[in-house]
Trainee: 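Below you will find the structure I want to go over with you.
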Amino acid sequence: MTLHSPLQSIYHPLFKHHQLTVSIKRDDLLHPIISGNKWRKLKYNLISVKKLNKTSVISFGGAYSNHIHALAFACYQQGLNSIGIIRGEPEYSNNFTLTWAQHWGMKLIFVDRHTYKKRQQLEYLQQLQQQYPDSFIVPEGGSNELALLGVAQICHELDNQIDYHTLILPVGSGGTLAGLITGDKGQHDLLGIGVLKQGMNKDYLANEVNALLPKTARYFGNWQINGDFHRGGYGKFSAQDCTRIIEFIQQTNIPFEPIYSGKMLLAFLDLIEQGYFNAGEKIVLLHTGGIQGLGGLAERKLIKACQWCLPSAAPVR
Ligand SMILES: Cc1ncc(COP(=O)(O)O)c(C=O)c1O
């Protein structure tokens with residue numbers, strides 16, 4: 001299961017104008033389905049499942065979750081059973097993401113918001129473990145200690161690929177940033193772009209990251225999360241945001257989606273225009289995958305399918 005992703009240079013008039021050298025770490029190319037940070041986060045989790053002789057994996061997610069989609073395929077590929085505890089109504093089971101998950105053998109259990117909120121509570125997890133003793137439980141988004149180990153490998157790969165100053169990535173649950181902090185060991189500026197609204201609790205995402213960090217990585221001060229570019233909240237974006245992302249896709253031939261990678265991209269372009277970066281700076285964007293999410297957005301008519309590099313259609317239902 002050792003895979004390395006390529007690093008691609010991106011040329012754009014804005015970068016030239018501001019004298020920036022920009023590359024993108026194409027983790028979206030790691031695997032056609034277990035793409036981006038999903039591969040990194042699941043790798044050591046699945047190794048542990050095998051070591052512990054468990055036969056099944058349980059995890060949690062929303063109805064369009066990239067994590068659930070990737071986990072279902074990864075388990076199918078590894079000959080493991082999988083159970084997805086999904087926030088919401090059973091009606092979602094026919095959507096793009098969950099149709100694929102079931103196609104790869106995942107059993108879905110739909111729970112209401114109240115039950116879903118218990119997903120990190122010890123008592124609830126113990127009950128689940130008792131009910132499914134042969135299962136290994138992976139948290140929502142795959143973000144746990146084992147995930148950090150896999151994500152940290154991005155830093156070792158980058159060290160052999162490029163000399164750079166700043167690494168930029170989207171932040172949802174914080175697991176990917178936490179993994180990069182542990183792997184980077186204080187060498188580069190790590191700039192996370194928050195994709196959700198933190199509301200009154202401005203430090204919400206930073207606290208999530210800190211909670212995931214091992215003690216040895218807690219003193220690194222080379223990272224920050226910019227929360228100004230959530231564009232209205234998780235999963236929210238405007239028609240103008242879409243136009244800008246599509247224009248960039250056409251200029252570079254790199255696929256983006258508007259929930260994670262696209263929000264990082266727009267934040268990056270806005271920060272350049274605000275003069276945030278120094279002339280001569282070498283910047284790496286981390287493409288964390290998530291392109292499957294376009295299927296669900298098109299299905300809900302939140303984007304126009306013909307304008308995006310869409311993933312393949314869902315299996316016949
Ligand atoms: C495609 C994609 N990119 C980025 C993220 C954010 O990563 P994290 O939750 O580790 O902060 C997610 C969510 O897990 C994701 O699905």
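Whatever order the structure lists them in is the order used to number ligands and atoms, beginning at 1. Just the heavy atoms: all of them, side chains too, but no hydrogens, waters or symmetry mates, feed the values below.
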Trainee: For ligand 1, which is the ligand I care about here, please tell me if G175 has any N or O atom under 3.5 Å from one of the ligand's N or O atoms.
Mentor: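 In this structure, G175 places an N or O atom under 3.5 Å from an N or O of ligand 1.
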Trainee: Do the side chain of Q126 and the main chain of Q121 share a donor and acceptor less than 3.5 angstrom apart?
Mentor: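 Side chain of Q126 to backbone of Q121: no pair is present.
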Trainee: Below 6.0 angstrom between ring centroids: does that apply to H12 and F248?
Mentor: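 Ring-ring flag for H12/F248: true, centres closer than 6.0 Å.
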Trainee: Nearest protein heavy-atom contact for atom 6 (C) of ligand 1: which residue, which atom, what distance?
Mentor: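 For this ligand atom, the closest protein heavy atom is G172 N, 3.5 Å.
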Trainee: What do we get for T176 next to ligand 1 when only non-hydrogen atoms under 4.0 Å count, side chain, backbone, both or neither?
Mentor: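 For T176, backbone and side-chain atoms both sit under 4.0 Å from ligand 1.
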Trainee: Under 4.0 Å between a side-chain nitrogen and a carboxylate oxygen: does that hold for R244 and D270?
Mentor: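 Looking at D270 together with R244, the answer is yes, because their closest N to O distance falls below 4.0 Å.
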Trainee: So is G36 close enough to ligand 1, meaning a heavy atom under 4.0 angstrom away?
Mentor: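 Outside the 4.0 Å threshold, so no.
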Trainee: Taking the six-membered ring for Trp, are the ring centroids of F60 and H67 within less than 6.0 Å of each other?
Mentor: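 When the ring centroids of F60 and H67 are compared, they turn out to be at least 6.0 Å apart.
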Trainee: For atom 3 (N) of ligand 1, what is the nearest protein heavy atom, given as residue, atom name and distance?
Mentor: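 Here the nearest protein heavy atom works out to T288 OG1, 2.7 Å.
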Trainee: Can you confirm whether H156 is buried at NE2, in the sense that more than 12 heavy atoms of other residues, nucleotides or ligands lie under 6.0 Å from that atom?
Mentor: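 Counting neighbours around NE2 of H156, more than 12 heavy atoms of other residues, nucleotides or ligands fall under 6.0 Å, so yes.
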Trainee: Tell me whether the rings of W104 and H69 are parallel (<30°), tilted (30 to 60°) or perpendicular (>60°).
Mentor: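 Correct class here is perpendicular.
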Trainee: Using ring centroids (six-membered ring only for Trp), state whether F277 and F15 fall under 6.0 Å.
Mentor: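 Centroid distance F15-F277: not below 6.0 Å, so no.
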Trainee: Just which atoms of ligand 1 are under 4.0 Å from any heavy atom in V171?
Mentor: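 Reading through ligand 1 atom by atom, the close ones are 11 (O).
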Trainee: Below 4.0 Å from any atom of ligand 1, is there a heavy atom belonging to K38?
Mentor: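 Heavy atoms of K38 do come under 4.0 Å of ligand 1.
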Trainee: Out of all atoms in ligand 1, which are within 4.0 Å of some heavy atom of N66? Include the element for each.
Mentor: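 Counting atoms of ligand 1 from 1, those under 4.0 Å from N66 are 1 (C), 15 (C), 16 (O).
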Trainee: How does N37 reach ligand 1, by side chain, by backbone, by both or by neither, if only non-hydrogen atoms under 4.0 Å count?
Mentor: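 The side chain, only.
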Trainee: Give a yes or no answer on whether the side chain of N207 reaches the backbone of D203 with a donor-acceptor pair at less than 3.5 Å.
Mentor: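 Yes; judged by distance alone, with no hydrogens or angles, the pair exists.
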Trainee: Counting only heavy atoms, which portion of H67 has something under 4.0 Å from ligand 1: side chain, backbone, both, or neither?
Mentor: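 No part of H67 is near ligand 1 at this cut-off.
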Trainee: In terms of atom number and element, which parts of ligand 1 are under 4.0 angstrom from non-hydrogen atoms of G289?
Mentor: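 So the answer, numbered in order with elements, is 1 (C).
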Trainee: Below 4.0 angstrom from a heavy atom of G290, which ligand 1 atoms are there? Numbered from 1 as shown, please.
Mentor: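 Counting from 1, the qualifying ligand atoms are 1 (C).
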Trainee: Please state which part of K41 comes within less than 4.0 Å of ligand 1, counting heavy atoms only: side chain, backbone, both or neither.
Mentor: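 For K41, only side-chain atoms sit under 4.0 Å from ligand 1.
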Trainee: Is there a donor-acceptor pair closer than 3.5 Å between any side-chain N or O of Q102 and the backbone N or O of L108?
Mentor: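 Judged by distance alone, no pair lies under 3.5 Å.
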